[in-house]
Amino acid sequence: MGHGREMRDGMQAVLAMLRQIDKPSVAMVRGFAVAGGLALALACDFRFAGPTARMGDTSGRFGLLPDEGGAWLFPHAMGYDRALRMTLLHEIYDAGRAHELGLVTQLVELDDNLETLTLKFCEDLAAQAPLAVRTAKMMMRRALQSTFEHSLEDAQLSVMVTNPSQDVREGGLAFREKRAPKFQGR
């Protein structure tokens, strides 16, 4: 059962932690994100890619499997048939095609702008109400594996926590005062 088990177990633990973290995670891809690298990027909530990004799965070329999470992450990002084709034919896509397939959240036209735009996005996320961000992420993750009706019930319970929060009061006050809110996560 060895056969790279330590490395696989470590990678699987990292991917699981990325998917379970209660704050948004952001990947910035410049260059190759292939096989496990693609799984790592897809475990993040958002993926920014520059024009030099190349994404795909070549594990099968070496007789390997997408065992580090790719078997679940790839079809959820791009659909079963496209993911299976990518894996079986060892396809690597340029940044534009990766974006078309759903592997990239935002395609940045110039590599020089990639880091700046990615960090700006992160700053914009950090300026949001922390409790609402965590709760929205949790609700949407659960909704992916739930029915619409259960998602509505989840929303009814979640607003019982967020609506009475100081952040909601601050958001309303800031709106009325025409200023940026100063959220505290309470």
Side-chain angles (χ1 to χ4, degrees), residues 1-126 133-134 136-146 151:
M1 289 295 292
H3 302 97
R5 182 166 183 175
E6 295 83 14
M7 185 174 78
R8 183 175 50 255
D9 287 351
M11 180 66 153
Q12 288 174 348
V14 168
L15 296 176
M17 284 187 288
L18 272 172
R19 293 195 38 81
Q20 293 168 4
I21 191 169
D22 65 347
K23 294 169 182 62
S25 56
V26 181
M28 181 176 68
V29 180
R30 179 183 289 134
F32 285 85
V34 177
L38 178 57
L40 184 61
L42 291 175
C44 294
D45 298 305
F46 303 99
R47 291 156 307 284
F48 283 66
T52 61
R54 301 292 179 266
M55 303 171 108
D57 184 22
T58 58
S59 56
R61 181 177 290 155
F62 307 101
L64 299 170
L65 298 171
D67 59 349
E68 66 293 304
W72 190 91
L73 292 163
F74 300 164
H76 277 82
M78 61 193 300
Y80 167 79
D81 57 336
R82 291 174 170 178
L84 186 60
R85 176 188 167 121
M86 175 184 71
T87 295
L88 296 180
L89 298 179
H90 329 297
E91 294 179 335
I92 298 176
Y93 308 111
D94 65 24
R97 182 70 177 137
H99 184 255
E100 290 170 8
L101 292 169
L103 300 174
V104 173
T105 307
Q106 184 168 338
L107 181 59
V108 179
E109 296 299 323
L110 298 172
D111 254 343
D112 292 343
N113 297 340
L114 180 60
E115 186 172 347
T116 302
L117 291 174
T118 304
L119 292 176
K120 171 73 168 90
F121 178 77
C122 292
E123 290 168 0
D124 290 347
L125 284 176
V133 169
R134 287 193 306 272
K137 178 177 174 173
M138 176 191 67
M139 288 171 55
M140 288 190 188
R141 281 274 185 212
R142 284 201 302 240
L144 289 172
Q145 299 173 353
S146 182
S151 179

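Only a predicted model underlies this, so the values are computations on that prediction, with no experimental measurement involved. Residues: numbered from 1 along the sequence shown.
In this structure, Lys120 pairs ionically with Asp124, as a charged nitrogen and a carboxylate oxygen lie closer than 4.0 Å.
Between Ala71 and Pro75, the shortest heavy-atom contact is O-CG, 3.1 Å. Here the shortest heavy-atom pairing between Ser25 and Ala43 reads OG-O, 4.1 Å. Across all their heavy atoms, Leu107 and His99 have their closest contact at N-CD2, 3.9 Å. In plain terms, the two heavy atoms of Gln145 and Trp72 that are nearest each other are NE2-CZ2, 3.8 Å.
In this structure the side chain of Asp94 never reaches within 4.5 angstrom of the side chain of Thr52, judged on heavy atoms. With a 4.5 Å cut-off on side-chain heavy atoms, Leu125 and Val133 do not count as touching. No side-chain heavy atom of Leu114 sits under 4.5 Å from any side-chain heavy atom of Leu110. Residues Met11 and Leu15 form a side-chain contact, since some pair of their non-hydrogen atoms from C-beta on lies under 4.5 Å apart. A 4.5 Å side-chain heavy-atom check between His90 and Asp57 finds every atom pair outside the cut-off. Contact of the His76 side chain with the Leu73 side chain is not registered, since no non-hydrogen atoms from C-beta on lie closer than 4.5 Å. Counting only heavy atoms from C-beta outward, the side chains of Leu38 and Phe32 never approach each other to under 4.5 Å. Met55 is listed as a side-chain neighbour of Val104, based on a closest heavy-atom distance under 4.5 Å.
Put simply, the side chain of Arg47 never gets that close to the backbone of Val26: no donor and acceptor are under 3.5 Å apart. In terms of modelled atom types and a separation under 3.5 Å, the side chain of Arg30 and the main chain of Asp111 share a donor-acceptor contact.
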Inset, instruction - Decide side-chain contact (heavy atoms from CB on, under 4.5 Å) for Leu65 and Ser59; before the verdict, give the C-alpha distance in whole Å, the side-chain angles of both, and the deciding distance to 0.1 Å. - result: CA-CA 6 Å; Leu65 298 171; Ser59 56; 5.7 Å; no
Legend entry - Stepwise salt bridge (charged side-chain N to carboxylate O under 4.0 Å, His left out) test for Asp67 and Arg5: CA-CA 10 Å; Asp67 59 349; Arg5 182 166 183 175; over 6 Å; no
Inset, instruction - Mind running side-chain contact (heavy atoms from CB on, under 4.5 Å) on Met86 and Phe74 for me, showing each step along the way? - result: CA-CA 9 Å; Met86 175 184 71; Phe74 300 164; 3.5 Å; yes
Inset, instruction - Would you sort out whether Asp45 and Lys137 count as a salt bridge (charged side-chain N to carboxylate O under 4.0 Å, His left out), showing the intermediate values? - result: CA-CA 9 Å; Asp45 298 305; Lys137 178 177 174 173; 2.7 Å; yes
Legend entry - Residues Arg97, Glu100; criterion salt bridge (charged side-chain N to carboxylate O under 4.0 Å, His left out); working and verdict: CA-CA 5 Å; Arg97 182 70 177 137; Glu100 290 170 8; 3.1 Å; yes
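By the neighbour-count criterion of 12 heavy atoms within 6.0 Å, atom CD of Glu115 is sparsely surrounded, having that number or fewer from other residues, nucleotides or ligands. Within 6.0 Å of atom CE in Met7, 12 or fewer heavy atoms from other residues, nucleotides or ligands are found, so the atom counts as exposed in its surroundings.
Of the inter-residue distances, the one linking Ser151 atom OG with Arg142 atom CZ reads 9.0 Å to the nearest 0.5 angstrom. Here the CG atom belonging to Leu42 is positioned 9.0 Å from the CE atom belonging to Met78, to the nearest 0.5 angstrom. Expressed to the nearest 0.5 Å, how far CZ of Arg141 lies from OG of Ser146 amounts to 14.5 Å. Rounding to the nearest 0.5 Å gives a distance of 9.5 Å between CG of Leu103 and CZ of Arg82. Here the CD atom belonging to Gln12 is positioned 8.0 Å from the CD atom belonging to Glu68, to the nearest 0.5 angstrom. How far CZ of Arg134 is from NZ of Lys23: 5.5 Å, rounded to the nearest 0.5 Å.
Ring geometry for Phe48 versus Phe121: interplanar angle of 30 to 60°, hence tilted.
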